[in-house]
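Written below as structure tokens is the structure these notes are about.
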Amino acid sequence: MATVPLAHYLVLASALFSVGLAAVLVRRSALVVFMGVELMLNAANLTFLAFSRAHSAMEGHAIAFFVIAVAAAEAAIGLAIFIAVFRTRKTVNVDELDALKY
């Protein structure tokens with residue numbers, strides 16, 4: 001069985017992270033920004049797991065599990081906030097959501 005080199009995992013993770021970062025920086029919809037953050041977290045998980053596999057260590061798996069838990073909590077709380085904001089302002093455009101500035 002052929003093994004995939006570590007560099008391939010890192011290239012894929014950097015591509016995923018770049019797409020997520022572009023989504024966070026360029027897009028105006030809060031939902032797309034959330035998806036970008038999730039993509040960046042998954043890229044970090046892929047990196048942790050790739051290094052964990054390459055070094056035959058279990059710490060990367062534990063950190064990836066923690067990141068998944070944080071991402072799930074972030075999605076649940078964030079979506080609840082955006083649903084509440086949408087009910088009051090009828091938009092989730094991040095440029096128009098400036099109530100927390102002051």
Side-chain angles (χ1 to χ4, degrees):
M1 183 171 132
T3 60
V4 179
L6 178 63
H8 291 179
Y9 289 113
L10 297 179
V11 167
L12 177 62
S14 66
L16 287 174
F17 192 86
S18 299
V19 170
L21 184 64
V24 168
L25 294 178
V26 173
R27 301 298 297 203
R28 306 244 187 263
S29 172
L31 295 175
V32 176
V33 171
F34 261 29
M35 287 190 292
V37 170
E38 294 290 330
L39 205 54
M40 288 190 292
L41 289 172
N42 283 325
N45 271 344
L46 181 61
T47 304
F48 286 134
L49 293 175
F51 277 111
S52 177
R53 182 173 181 216
H55 297 292
S56 300
M58 292 300 292
E59 290 87 5
H61 294 275
I63 294 172
F65 183 73
F66 180 72
V67 169
I68 289 171
V70 169
E74 173 254 338
I77 293 171
L79 289 177
I81 289 172
F82 284 124
I83 288 172
V85 167
F86 183 78
R87 285 182 179 169
T88 58
R89 295 189 175 212
K90 304 296 181 202
T91 184
V92 288
N93 189 344
V94 292
D95 289 339
E96 298 173 14
L97 301 177
D98 58 356
L100 296 177
K101 282 185 177 178
Y102 306 104

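- A pairwise comparison of heavy atoms in Thr88 and Val85 identifies OG1-O, 3.0 Å as the closest pair.
- Atom-to-atom distance recorded for Thr47:OG1 and Asn42:CG is 10.5 Å, nearest 0.5 angstrom.
- In this structure, the side chain of Ser29 does not engage the main chain of Asn93 through any donor-acceptor pair within 3.5 Å.
- Listed here is the closest heavy atom pair of Leu46 and Tyr9: CD2-O, 3.8 Å.
- By the 4.5 Å heavy-atom criterion applied to side chains, Leu31 and Leu79 are counted as neighbours.
- When side chains are defined from C-beta on, Arg87 counts as touching Ile83, because their heavy atoms get closer than 4.5 Å.
- At a threshold of 4.5 Å between side-chain heavy atoms, the hydrophobic network of Ile, Leu, Val, Met, Phe, Trp and Tyr places Leu25 and Val19 in two separate groups.
- At least one side-chain heavy atom of Glu74 sits less than 4.5 Å from a side-chain heavy atom of Phe34.
- Phe17 and Val37 fall within the same hydrophobic cluster, defined by Ile, Leu, Val, Met, Phe, Trp and Tyr side-chain heavy atoms under 4.5 Å apart, directly or through other members.
- Nearest approach of Ala43 to Ala13, heavy atoms of both residues: CB-O, 3.2 Å.
- Arg28 is linked by a side chain to side chain donor-acceptor pair (under 3.5 Å) to Asp95, counting only residues two or more places apart in sequence or in another chain.
- Under the 4.5 Å side-chain heavy-atom criterion for grouping Ile, Leu, Val, Met, Phe, Trp and Tyr, Phe82 is connected to Ile77 within one hydrophobic cluster.
- Here the closest non-hydrogen pair linking Val32 and Ala23 is O-CB, 4.2 Å.
- Here CG of Asn45 is found 11.0 Å from CG of Leu16. Values are rounded to the nearest 0.5 Å.
- Rounding to the nearest 0.5 Å gives a distance of 7.5 Å between OG1 of Thr91 and CZ of Phe86.
- Closest heavy-atom contact between Glu38 and Ala71: OE2-O, 3.3 Å.
- No continuous path of hydrophobic side-chain contacts links Met40 to Phe51 [ILVMFWY only; heavy atoms under 4.5 Å].
- Nearest heavy atoms, Val33 versus Val24: O-CG2, 3.7 Å.
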